[in-house]
Amino acid sequence: MKRGHIATNALMVMLGLFAVAPLLWMLSVSIMQPGEAAHFPPPLLPAKPTIANYVTLFASTDMARYFANSLLLACLATALSLTFNVMAGYAFAKLNFRGRDRIFRFLLTALVIPAQVAMIPLFLICKELGLVNSFGGVLVPSIATVFGIFLVRQYALAIPDEMLEAARIDGASEFRIFRVIVLPSLGPILVTLATFSFLGSWSDFLWPLIILNDGDKATLPVALANLSREHVQDFELMMAGSVVTLLPVLILFVALQRYYISGLLAGSVKG
């Protein structure tokens, strides 16, 4: 048994190192001297570590502006996602209305449709609403998602109906029941949904590229793609940009990992 545990742990460590090796090499290249990563074979560690690539990245480009754009949009997308998905998920789980189950089953069919299929009609709708080349247009897909509604509904099904009925008998309004009873009960899944929403908005490339025309409003992934075309041979500068793009979401995931995993596990066994 002890040998089996040692072998399992050794295998997991090897797999973990294999998974993080590209990230560690990206960080290593980002602090190399200009042109050092172009050697063959490429070095694993910098000969003389430097932060000059990060200084050049922020001094010669509008990376700070793009970082602020992505952070603002990711925070707003997370807030919108939590507001609408949580209310819709709770309604599908605990409120009785005509056609509830039929509508929910219809929504679930949208999960098999690739998001790219809906981008053209969504763009046309945004154009009619005057949201093209605006942050509002970028946020439209984040307002409500079928996955977010499904995630919250599956978790909300575990809330006892008797507790909600007792609150109604005591005269509590539906909004007060939602605010005082439901939201505290949905804590783990709220963190999970917030993490999904933030990561999805932060790393989204295609939709901001389509909806935004003004370069000053570009998000970090779009700006990094444009930078790669202008500095195709500057591997160190590109890796510095990749680290800047990856670092916030990595910190967020590590900080919320315990709540994120517990929310997923709880949602997988409830309902």
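Worth knowing before you read on, the calculation uses all heavy atoms, side chains too, and leaves out hydrogens, waters and symmetry mates.
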Enquirer: Tell me, please, which residues at least two apart from E174 pass side chain to side chain donor-acceptor pair (under 3.5 Å).
Expert: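 For E174 the side chain to side chain donor-acceptor pair (under 3.5 Å) partners, ignoring immediate neighbours, are R168.
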Enquirer: Check for a donor-acceptor pair, side chain of N85 on one end and backbone N or O of F147 on the other, with a separation under 3.5 Å.
Expert: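 No.
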Enquirer: Taking side chain to side chain donor-acceptor pair (under 3.5 Å) as the test, write out the residues that go with D214, two or more places apart.
Expert: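 Here no residue qualifies.
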Enquirer: Without swapping roles, check the side chain of S70 against the backbone of F67 for a donor-acceptor pair under 3.5 Å.
Expert: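 Looks like no, no N/O pair under 3.5 Å.
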Enquirer: With sequence neighbours left out, what residues match L246 under side chain to side chain contact (heavy atoms under 4.5 Å, CB included)?
Expert: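 Listed in chain order: L23, M26, V249.
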Enquirer: What ring-ring contact (aromatic ring centres under 6.0 Å, His included) pairs are there with at least one residue in residues 163-192, not counting sequence neighbours?
Expert: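 Non-adjacent pairs meeting ring-ring contact (aromatic ring centres under 6.0 Å, His included): Y90-F178.
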Enquirer: Given 3.5 Å as the limit, does a donor-acceptor pair link the side chain of S197 with the main chain of A194, or not?
Expert: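 No; judged by distance alone, with no hydrogens or angles, the pair does not exist.
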Enquirer: Hey, is the main chain of P43 close enough, under 3.5 Å, to the side chain of W25 for a donor-acceptor pair?
Expert: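 Yes: the side chain of W25 pairs with the backbone of P43.
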Enquirer: Hey, any chance L129 and I211 share a hydrophobic cluster, counting ILVMFWY side chains that come within less than 4.5 Å of each other, even indirectly?
Expert: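 Same hydrophobic cluster.
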Enquirer: Hey, what do you get for CD1 (I210) to CG (N133), rounding to the nearest 0.5 Å?
Expert: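 The distance works out to 13.5 Å.
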Enquirer: Return yes if some donor-acceptor pair links the side-chain N/O of W202 with the main-chain N/O of L220 below 3.5 Å, else return no.
Expert: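 No, because the side chain of W202 does not come within donor-acceptor range (under 3.5 Å) of the backbone of L220.
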Enquirer: How would you list, by chain and number, every residue that makes a side chain to side chain donor-acceptor pair (under 3.5 Å) with N226, sequence neighbours excluded?
Expert: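 Counting only residues at least two positions away or on another chain, N226 forms a side chain to side chain donor-acceptor pair (under 3.5 Å) with R229.
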Enquirer: Could you check if a side-chain atom of T219 sits within less than 4.5 angstrom of a side-chain atom of Y66, using non-hydrogen atoms only?
Expert: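 Side chain of T219 against side chain of Y66, heavy atoms only: no contact under 4.5 Å found.
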Enquirer: For D161, which residues count as a salt bridge (Lys or Arg N to Asp or Glu O under 4.0 Å) partner, sequence neighbours excluded?
Expert: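 K94.
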